[in-house]
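Okay, so here's the structure we're looking at.
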Amino acid sequence: MDISAMSWDLSPQEAVNLQRELAGRVSFRPLPKRFDILAASDIAYAKEKNRLVAVIVTFRWPDLEPVEAVHVISPVRFPYIPGLLSFREVPALLEAYELLRLPPDVMLCDGQGIAHPRRLGLASHLGLCLAIPTVGCAKKRLCGIHGPLELRRGFDVPLVMNGEIVGCVLCSRDGVKPLFISPGHLSDLETSRELVRRCLGRFRIPEPLRQAHHLATRLREQLTTRA
DNA sequence: GCGACAG
DNA sequence: ATCTTGTCGC
C-alpha cells in the first residue's frame, strides 16, 4: 500500500480497516540523542465555516528558539469520531508539512500515539505518513488504565492497555490535570516522555504545542473576523 | 443495555 | 474542538 497516494475520502468503517493495517507498520526506537529541529502541530476549527487551520511550528533543539511557522486552511471533510481523529486532521497537516523549508527531525502532536484502541492515534498515523519520528501528547485519556498519580511536576505513571504499557500519564505542573504521552512512530516510551519533559515551561501544555495552539487560534480568529 | 469517548 | 460571562487566584 502506498501511503503517499492514500485516499482520505473513506467511510468510518474503511478508516477503521485502514488503521488496523497501518498499525502494523508503526515502529519503535529511541529518538535520536541529538537532533536539530523539533516541530509541533495543532489544529483550530472555524466551526461556522466548516474549515480548519492546520499549523506546524518548528524550533531549534534543545534551546527551543523558533525557526519557522506554516499553516494551511482547508475544509473539514471528516466528522469527529473518537478513535478516528487522524482522518480529520492528518490530511491538512500533510499539506502544511509541505510548506516547511526545513524538515523537522521530530514532531510533537496534539493527540495520542499508540495509546489508541487500534494502536494508531493521530501521532502514529502522521508519523507513518511522513516517515519521521512523532510523539503523541494528549490532554485527555482516550483509552488505557493507570494508577493514582501524584500531581507534582515531572511525576508520571504508566498507561496500560491489555496488560501492555503504551504510554504514560505525566503531570506537567503542580496541581494540574496530567498529560497523556505515548510514542507515535519511530520513537519509544522513555524517549517520548523525556522529550515532553524537556519541553515543559511554566504552563500545563508543553511550550512548542502551546505556541502552535496560539498561532492556530489567532489564525482562526482572522478567519472569523474577516470577510 | 450502559457508559466511555484524543480533537 | 467551539461557544460563551463572569469569576477565582497568582
Next item on the list: Would you indicate what A:G136 reaches in the nucleic acid, counting non-hydrogen atoms under 4.0 angstrom: base, sugar-phosphate, or nothing?
Entry: nothing
Notebook entry, point to check: With hydrophobic residues grouped by side-chain heavy-atom distances under 4.5 Å, do A:L120 and A:L94 end up in a single group?
Noted result: yes
Notebook entry, point to check: Which heavy atom of A:C171 sits nearest a heavy atom of A:E150, and at what distance?
Noted result: CB-O, 4.2 Å
Next item on the list: Report the secondary structure of DNA chain B in dot-bracket form, marking unpaired bases with a dot and bases paired to a different strand with |, and treating Watson-Crick or G-U pairs with both distances under 3.5 Å as paired.
Entry: .......
Notebook entry, point to check: Do A:L186 and A:L128 share a hydrophobic cluster, counting only Ile, Leu, Val, Met, Phe, Trp and Tyr and linking them when any side-chain heavy atoms are less than 4.5 Å apart?
Noted result: no
Notebook entry, point to check: So, A:T224 side chain and A:R220 main chain: donor-acceptor pair closer than 3.5 Å or not?
Noted result: yes
Note to self: With a 4.0 Å cut-off on N to O distance, would you call A:K139 and A:D110 a salt bridge?
What the structure shows: yes
Next item on the list: Please examine the side chains of A:D105 and A:P133, heavy atoms only from C-beta on, and report whether any two atoms are closer than 4.5 Å.
Entry: no
Next item on the list: Kindly say whether A:F78 contributes a backbone atom to a donor-acceptor pair with the side chain of A:R88 at under 3.5 angstrom?
Entry: yes
Atom pairs, N/O to N/O, protein against nucleotides 2-4 of chain C, distance under 3.5 Å?
unit_1 : atom_1 : unit_2 : atom_2 : d
C:dT2  : OP1    : A:Y45  : N      : 3.3
C:dT2  : OP1    : A:R220 : NE     : 3.1
C:dC3  : OP2    : A:R220 : NH1    : 3.2

Check: Is DNA chain C part of any stem, that is, at least 3 consecutive Watson-Crick or G-U pairs with both distances under 3.5 Å, and where?
Finding: none
Margin query: Is the shortest side-chain heavy-atom distance between A:L142 and A:F180 below 4.5 Å?
Written below: no
Note to self: Does any part of the side chain of A:L159, heavy atoms only, come nearer than 4.5 Å to the side chain of A:C168, both counted from C-beta?
What the structure shows: no
Next item on the list: Indicate yes or no: at least one non-hydrogen side-chain atom of A:L38 is less than 4.5 angstrom from one of A:P104.
Entry: no
Item checked: Validation row: A:V72, A:L99 side chains within 4.5 angstrom (heavy atoms) -> yes
Notebook entry, point to check: What's in the same ILVMFWY side-chain cluster as A:V160, cut-off under 4.5 Å, chained through other members?
Noted result: A:I145, A:I165, A:L189
Next item on the list: Of all the heavy-atom pairs spanning A:H185 and A:V26, show the shortest one and how long it is.
Entry: ND1-CA, 3.5 Å
Collect all protein-nucleotide pairs involving nucleotides 6-10 of chain C in which both atoms are nitrogen or oxygen and the distance is under 3.5 Å.
none

Next item on the list: Please report the closest heavy-atom contact between A:C109 and A:L126, naming both atoms and the distance.
Entry: SG-CD2, 3.9 Å
Check: Linking Ile, Leu, Val, Met, Phe, Trp and Tyr by side-chain heavy atoms under 4.5 Å, what else ends up with A:F203?
Finding: none
Check: ring pair (Phe, Tyr, Trp, His ring centres under 6.0 Å): which pairs involve residues 12-62 of chain A, sequence neighbours left out?
Finding: A:F35-A:W61
Check: Does any residue of residues 173-195 of chain A have a heavy atom under 4.0 Å from DNA chain B, and if so, which ones, in number order?
Finding: none
Notebook entry, point to check: Using a heavy-atom distance cut-off of less than 4.0 Å, which residues of residues 85-100 of chain A contact DNA chain B?
Noted result: A:L85, A:R88
Checklist line | Any A:V106 side-chain heavy atom under 4.5 Å of A:L108 side chain | finding: no
Check: So, A:E194 and A:R197, do they make that salt bridge, N to O below 4.0 Å?
Finding: yes
Item checked: Non-hydrogen atoms of A:D9 and A:R77 that approach each other most closely -> OD1-NH1, 3.6 Å
Next item on the list: For A:N50 and A:V76, indicate whether the former's side chain and the latter's backbone hold a donor-acceptor pair under 3.5 Å.
Entry: no
Next item on the list: State yes or no: do A:L52 and A:L10 share one hydrophobic cluster built from I, L, V, M, F, W and Y residues joined by side-chain heavy-atom distances below 4.5 Å, directly or via other members?
Entry: yes
Next item on the list: Please list, in 5' to 3' order, the outermost nucleotides of DNA chain B lying under 4.0 Å from any heavy atom of chain A.
Entry: B:dA4 to B:dG7
Margin query: Suppose clustering is done on Ile, Leu, Val, Met, Phe, Trp and Tyr with side-chain heavy atoms closer than 4.5 Å. Which residues sit in the same group as A:V176?
Written below: none
Notebook entry, point to check: Under a 4.0 Å heavy-atom cut-off, which of residues 138-167 of chain A touch DNA chain B?
Noted result: A:A138, A:K139, A:K140, A:R141, A:L142
